[in-house]
Q: 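Next up is a structure, given as structure tokens.
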There are 2 protein chains.
Amino acid sequence: MDSREEKAVTISTVAKEAGVSMATVSRVVNGNPNVKPATRKKVLEVIDRLDYRPNAVAQGLASKKTTTVGVIIPAVTNVYFSSLARGIDDVASMYKYNIILANSDGNHQKEIQVLNTLLAKQVDGIIFMGHNLTDELRAQFKRAKIPIVLAGSVDQKDEVESVHINYVEAVESAISNLINHGNKRIAFVSGPLSDPINGEYRLKGYKNVLAKNGIEYDPSLVFETDYRYRSGEVLWPALASARATAAFVADDELAAGVLNGARDAGAKIPDEFEVITSNNSKLTEIVRPQLSSITQPLYDIGAVSMRFLTKMMNKEESTQKTIDLPYGFIKRGSSK
Amino acid sequence: MDSREEKAVTISTVAKEAGVSMATVSRVVNGNPNVKPATRKKVLEVIDRLDYRPNAVAQGLASKKTTTVGVIIPAVTNVYFSSLARGIDDVASMYKYNIILANSDGNHQKEIQVLNTLLAKQVDGIIFMGHNLTDELRAQFKRAKIPIVLAGSVDQKDEVESVHINYVEAVESAISNLINHGNKRIAFVSGPLSDPINGEYRLKGYKNVLAKNGIEYDPSLVFETDYRYRSGEVLWPALASARATAAFVADDELAAGVLNGARDAGAKIPDEFEVITSNNSKLTEIVRPQLSSITQPLYDIGAVSMRFLTKMMNKEESTQKTIDLPYGFIKRGSSK
DNA sequence: AGCAAAAATGCAAGCGTTTCAAGAAAAAAG
DNA sequence: CTTTTTTCTTGAAACGCTTGCATTTTTGCT
């Protein structure tokens, strides 16, 4: 009930007021069992009365743990990534971790820079989402000496832990649907092929399934662009002149663009042109016709990544470096 | 070039190695001008050689500034909020602040809890996005003793600083378009009316403009729901039976739902039914027909909020408590 | 009641910076 | 070449907490 509001109340204020040592207060704050119930009660009472809140910065300095993890994300506004982020955040708060969210714009320079400020802030771990894991980044990760996991991304060199689906197989399975309807000229539309997930994995799935069905691979059916809706929207003329009868698209926004571009130009979907996409974000149900899509557990990829990270931060042994989550395919109006 | 990799390099390592005191190292790290150029150079060289990175936690404890701000957001996956977040993040990193992102689910309990952990982490300021600023929250804000600004939200009691548009006028102007086409029965579709932005501001705009045009207010045209796409989609039967010829919708996802629900049921848009929405997020251009919308500078609202916050954290005096950004209206295919 | 073992508590040394009063060095002035 | 000023640099005390170790109190047994 004292009203000298000025001085912030610290652990020592509480200690004095309760007539115990700081160590004891620290113990009750941290739920250490070695405290006599009566003492605990007394301390708790004072904490409550003084409205004491431990200073997390000081705790972090003393204990060398900040209960904070860094999350590097190419773009918060992208549904794919924000869905992952959602899963990450939920699990993080479940385990009492906070998240420092850092936008990288998918820009290599920024990724490096942001990584460094996260390290300076002494985060206990990092979740990285990105299109392309460069050697430099991999090197910096190694120097970091804290656990890092990739969410919804893959490390070609398999050096850093990651959570994702099997992109090669997922694409094979999705495109085989298209082939089964008799499509011979199927376009492959994606962001930069320099991003391994496109140029390496998805493209491989595409080629595999073509080969398996005796269709020759035609490079003129591969359309490399960026991840923007608009880029898909303007693609129709090119698609049409390549005589594509269907398209597999590697990103939902991009796919929505392709779909709308085609429809706006008068193409009948799915009769004259089919399109399927990759991420099954809520966008797929908002467009008309709705987009058939590879399904992948976006929220879970985020959640599992974070769970994985907590285990690593806890130094629990784990046998696997990579977690493959299940994928599927859902047929909607945009394909036959 | 010493290779005793074990011990982390701290300011004192650098000091010894460079033959100066910690204080001096601290000065060069912080760009304090009171350092002889020769000394600065020498220290910088050592810093570089030892690859020293200041520990932000220790800095935070000593300086009582963490260069971190908390951002409370109802849902990262919602385009409206993630657009604001984008603006916030950009300006934050421009001013060297990091962001601790905390999801609140728009849940009051969580908002309070999250606020407390942010305070424990000693953030220098907070940006709050939320649907409803309760008295309890307002009280906690006051206790916090750090600057807080509301982004894209309003404080009915005008006690906490905020950045937004004039929702009443924006709605008036948008709906007057509908009235000009002869619509007499215009539905008002929004999330919970208990959220002031709906029940207070937007609804007031709706009533105002009706009154101004001599149309009687009919409560049966007010549809209160939540912010989900699906909720809009299933609304059509109710809309139809209320004989609404147009709808003003308070959220883009919701509006996309209303639009698709109507179309899927065979309504001709905009001939038989018009719909306009409120946030002009990219969703509005992805649906067909595209959604006419109130325009508001989402990114800017976030950016300006953050800028505002930096000024407050700097204790720069500011005359205004509230910043009104300009709004507009863009006509697209969903209205005549 | 007496004693060893177990349980509680306290002491104080960190954790890695910043910062301020004070001293040392350099520059300017006489 | 002194004496003043001005510019740099240093030492050491915070900042608010955790934690290993020592000490004290309790408990359980004889």
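None of these values were measured; they are calculated from a predicted model. All chains are named by letter (A, B, ...) in the order of the sequence lines, taking the proteins before the strands, and each is independently numbered beginning at 1.
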Q: Reckon Val35(B) touches a base, only the sugar-phosphate, or nothing at all at heavy-atom distances under 4.0 Å?
A: sugar-phosphate

Q: Given dG16(D), dG16(C), dA8(C), which nucleotide is nearest the side-chain atoms of Thr39(A)?
A: dA8(C)

Q: Mapping Ser63(A) and Pro37(A) to their closest nucleotides on DNA chain C, which lands nearer the 5' end?
A: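 Going by which nucleotide is closer to the 5' end, it is Pro37(A).
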
Q: For Arg307(B), is there an ion pair with Asp300(B) - N to carboxylate O distance below 4.0 angstrom?
A: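 Between Arg307(B) and Asp300(B) there is no salt bridge, as every charged N stays at least 4.0 Å from the carboxylate O atoms.
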
Q: Are any of Lys64(A)'s side-chain N or O atoms less than 4.0 Å away from OP1 or OP2 of dG14(C)?
A: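 Answer no for this pair, as no side-chain N or O of Lys64(A) is under 4.0 Å from OP1 or OP2.
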
Q: Which of these nucleotides, dT17(C), dC8(D), dA8(C), is closest to any side-chain atom of Pro54(B)?
A: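 Nucleotide nearest to Pro54(B)'s side chain: dT17(C).
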
Q: Tabulate protein N/O versus nucleotide N/O from nucleotides 10-14 of chain D, keeping only pairs under 3.5 Å, one per line.
A:
residue	atom	partner	partner atom	Å
dT10(D)	OP2	Ser21(B)	N	2.8
dT10(D)	OP2	Ser21(B)	OG	3.1
dT10(D)	OP2	Thr24(B)	OG1	2.8
dT10(D)	O4	Arg27(B)	NH2	2.8

Q: Looking across every strand, which nucleic acid part, if any, lies under 4.0 Å from Arg53(B) by heavy atom: base, sugar-phosphate, or nothing?
A: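 Here Arg53(B) touches the backbone only, sparing every base.
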
Q: Would you say a side-chain N or O of Asn30(B) is under 4.0 Å from OP1 or OP2 of dT18(C)?
A: yes

Q: Between Lys121(A) and Thr68(B), is any side-chain donor less than 3.5 angstrom from a side-chain acceptor?
A: yes

Q: Should the pair Glu45(B)-Arg49(B) be classified as a salt bridge under the 4.0 Å nitrogen-to-oxygen rule?
A: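 Here Glu45(B) pairs with Arg49(B) in a salt bridge, since their nearest N and O are under 4.0 Å apart.
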
Q: In terms of side-chain heavy atoms of Asn34(A), which of dA8(C), dT18(C), dT9(D) is nearest?
A: dA8(C)

